[in-house]
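Throughout, numbering of the chain's residues begins at 1 and tracks the sequence.
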Amino acid sequence: MDWCDDPNGKCIFWLNGMAGTGKSTISRTIARELAEKKRLAASFFFTRGKKDISHSRMFFTTIAAQLANILPVLRTSISDAINDNPDIVERGLREQWNQLILNPLKNAPTQSIQLVVVIDALDECDSMQDIQLILLLLEEAKDLETVRIKIFLTSRPKNPIFDGFRQLSGEAYQDFILHNTPLDTVNGDISTFFLQKLSPVEAKHGLGTPWPDEQIIELLVERAAGLFIYAATTLRFIQDGIDGPEEQLALILSATKSSLSATEHLDGLYTTILQHAVLGKRGDQECEQLAERFRQVVGSIVMMFNTMPARNLAQLLQIPPTMVSRTLHSLRSVLNVPENESQPVRLFHLSFRDFLQDPQRCSDSRFQIDEKERHTSLFRKCMSHISQLQENICNLWGPGVLITEISDDTIQKSIPPHVQYACRYWLDHWRLGHPVEEDIKAIREFLEQHFLHWLEVLSLIGEVSNGVHTIIALEEILSVSCNTHEFVQKVVLT
């Protein structure tokens, strides 16, 4: 935290490191500590594939909203900027930065406190051009005089990020390469992690002391090869496995050879967990059924643009809730499956997503997730739900009712989360899948019969702007088909 406190420190601190080296954990820790000290200006955690945080459209508007919350003196100028530019959310990044952030900060009264913006996983932003533009704009914060703002930023070491930083002046940033930390230092931290976290397991299960012994700890540290995600996943597998901790540990130790690379060790760990937790020692026919269920349930979680609770996922996929819960129950070492059923299911780490989508890494084809196939399946599920929309879905007492007069409880009961998801993301899944002529026919029928019902739902859940983007995108995509393109225009304009 020395950089945060140093008044002469560079404006931007770039922490870069390979997947699994602990970047996001560090970002969350720094954000939490800064928030406790009232010094967190704002934070944004990019995640590829998650709609609102996978692109830059919401980036500066989100930062501005958080700045207005932490610095009340900015509220008037930010509010004025929005009133003067009501379409600011649709404008380019540079104008959003100038109007919502830079100018309000320049015109603010002098503040004694130094604030920090935390940006995690910038490389997960889906536009390389936007990444480089964001870096150029953030550099301008170094010249602010009335309010001192620093930026803590993490990413993987990808070329677009390097190219973006090369365009900045050397005075603007300093960097730290996480994976270049001396291996002895990293291994020491991972060894301490294993010793501290496995001690309660030993006590809970009455295992021999010490358990595991020093030699096994050293072997686990060697297998981790500097990746904290390997250590964290191993711990969860030992703690939450189907069998006892000794059996779970033995499975991990027998999974891979010591001569493999860090990524190969992690891939071997993921493969071992899936083979044990999903398939176990069942026969070939049952294994194939379980693998198919895994690809359907977990593949959907991986590809979806937003998270949702397990029961809503079952509704979206139109399968029994017990099928989803049984699939997720044994995967708690790689998936965050909350005890509270109203909380969403999440991936613990994006390296698991990358593993499942890469046939070169996921050597067991039964667990490989075909991206286009899964998106196509999700599109069809979404289409099934939105094709059942009806007029006046909330059973309102008459036309002209204001949104503010409708309770959130009424909206949530009438438009459950899986239907909201389908209304928001059906086209996104269609674009990323491999649709056939029948899918285009389904879209035509939907627009003809339920277009206004869909707009009604979007207005009720506050997503009208998303509907506008969807219509524009649909026209552009279907412009190759003259008849369909003209049909979309006809539906929209009549």
Side-chain angles (χ1 to χ4, degrees), residues 16-25 48-49 121 123-124 154-159 177-191 193-194 197-198 212 215-241 247-280 287 291 294-295 298-299 302 330-335 347-371:
N16 83 77
M18 304 296 290
T21 50
K23 301 182 299 299
S24 292
T25 299
R48 178 162 54 92
D123 58 293
E124 293 281 318
T154 75
S155 77
R156 299 186 191 187
K158 294 188 175 181
N159 286 336
I177 303 173
L178 198 57
H179 53 270
N180 282 355
T181 303
L183 190 57
D184 288 346
T185 301
V186 179
N187 285 348
D189 291 341
I190 293 176
S191 178
F193 172 84
F194 276 127
K197 298 297 184 179
L198 289 175
Q215 184 178 359
I216 291 179
I217 292 291
E218 290 178 358
L219 184 55
L220 289 173
V221 171
E222 182 182 343
R223 298 283 179 86
L227 297 183
F228 282 92
I229 186 58
Y230 181 98
T233 304
T234 295
L235 175 70
R236 288 192 295 266
F237 184 63
I238 292 172
Q239 289 177 324
D240 301 323
E247 291 81 1
Q248 300 288 101
L249 177 58
L251 276 170
I252 290 172
L253 295 176
S254 64
T256 56
K257 300 177 181 179
S258 298
S259 59
L260 300 178
S261 68
T263 301
E264 288 171 330
H265 277 302
L266 183 61
D267 294 346
L269 176 63
Y270 283 147
T271 301
T272 298
I273 289 172
L274 294 181
Q275 289 175 342
H276 181 69
V278 177
L279 307 180
C287 281
F294 169 86
R295 292 192 296 270
V298 178
V302 168
S330 58
L331 293 171
R332 295 177 184 271
S333 56
V334 289
L335 297 175
L347 299 179
F348 270 121
H349 198 266
L350 296 179
S351 61
F352 184 57
R353 175 202 67 191
D354 297 340
F355 162 77
L356 293 174
Q357 292 181 246
D358 187 346
Q360 299 300 315
R361 294 182 58 186
C362 185
S363 58
D364 191 332
S365 61
R366 294 173 295 183
F367 302 116
Q368 292 172 8
I369 304 299
D370 185 308
E371 183 175 358

Closest non-hydrogen atom pair, [X] against [Y]:
X: Ala291; Y: Leu279; answer: N-CD2, 4.2 Å
X: Lys23; Y: Gly17; answer: NZ-O, 3.1 Å
X: Ala225; Y: Leu183; answer: C-CD1, 4.5 Å
X: Leu253; Y: Arg223; answer: O-NH2, 3.1 Å
X: Ile190; Y: Ala224; answer: CD1-CB, 4.0 Å
X: Pro157; Y: Asn16; answer: CB-OD1, 3.6 Å

For the [atom1] atom of [X] and the [atom2] atom of [Y], what is their distance to the nearest 0.5 Å?
X: Arg295; Y: Asp370; atom1: CZ; atom2: CG; answer: 10.0 Å
X: Leu220; Y: Leu198; atom1: CG; atom2: CG; answer: 7.5 Å
X: Asp267; Y: Ser261; atom1: CG; atom2: OG; answer: 7.5 Å
X: Phe348; Y: Leu335; atom1: CZ; atom2: CG; answer: 8.0 Å
X: Leu249; Y: Leu235; atom1: CG; atom2: CG; answer: 11.0 Å
X: Leu266; Y: Thr271; atom1: CG; atom2: OG1; answer: 9.5 Å

Gln248 and His276: side chain donor to acceptor below 3.5 Å:
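Side-chain D/A pair, Gln248 to His276: present.
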
Would you tell me whether Ser365 and Gln368 have side-chain atoms, one donor and one acceptor, within less than 3.5 Å of each other?
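No - no donor-acceptor pair under 3.5 Å links their side chains.
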
Hey, is the main chain of [Y] close enough, under 3.5 Å, to the side chain of [X] for a donor-acceptor pair?
X: Ser333; Y: Arg236; result: no
X: Thr154; Y: Ala121; result: yes
X: Ser254; Y: Leu251; result: yes
X: Thr234; Y: Tyr230; result: yes

Can you find a pair of side-chain heavy atoms, one from [X] and one from [Y], that are under 4.5 Å apart?
X: Phe194; Y: Val221; result: yes
X: Val298; Y: Phe367; result: no
X: Phe352; Y: Ile273; result: no
X: Gln275; Y: Asp364; result: yes
X: Leu274; Y: Leu356; result: yes

Could you walk me through whether Leu227 and Val186 pass side chain to side chain contact (heavy atoms under 4.5 Å, CB included), step by step?
CA-CA 9 Å; Leu227 297 183; Val186 179; over 6 Å; no

Give a yes or no on whether a salt bridge exists between Arg353 and Glu124, defined as a side-chain N under 4.0 angstrom from a carboxylate O.
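Here Arg353 pairs with Glu124 in a salt bridge, since their nearest N and O are under 4.0 Å apart.
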
Would you call Asp354-Arg156 a salt bridge at under 4.0 Å N-O?
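Between Arg156 and Asp354 there is a salt bridge, with a charged N closer than 4.0 Å to a carboxylate O.
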
Check the orientation of Phe355 and Tyr270. Use parallel for under 30°, tilted for 30 to 60°, and perpendicular for over 60°.
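The rings of Phe355 and Tyr270 sit tilted, inter-plane angle from 30° to 60°.
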
For Lys158, does the NZ atom sit with more than 12 other heavy atoms under 6.0 Å from it, leaving out its own atoms?
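Buried by this count: over 12 neighbours within 6.0 Å.
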
Side chain to side chain contact (heavy atoms under 4.5 Å, CB included) between Gln357 and Val302: does it pass, once the steps are laid out?
CA-CA 9 Å; Gln357 292 181 246; Val302 168; 3.8 Å; yes

With side chain to side chain contact (heavy atoms under 4.5 Å, CB included) as the criterion, how do Leu347 and Val334 come out once you've worked through the C-alpha distance, each side chain's angles and the decisive distance to 0.1 Å?
CA-CA 7 Å; Leu347 299 179; Val334 289; over 6 Å; no

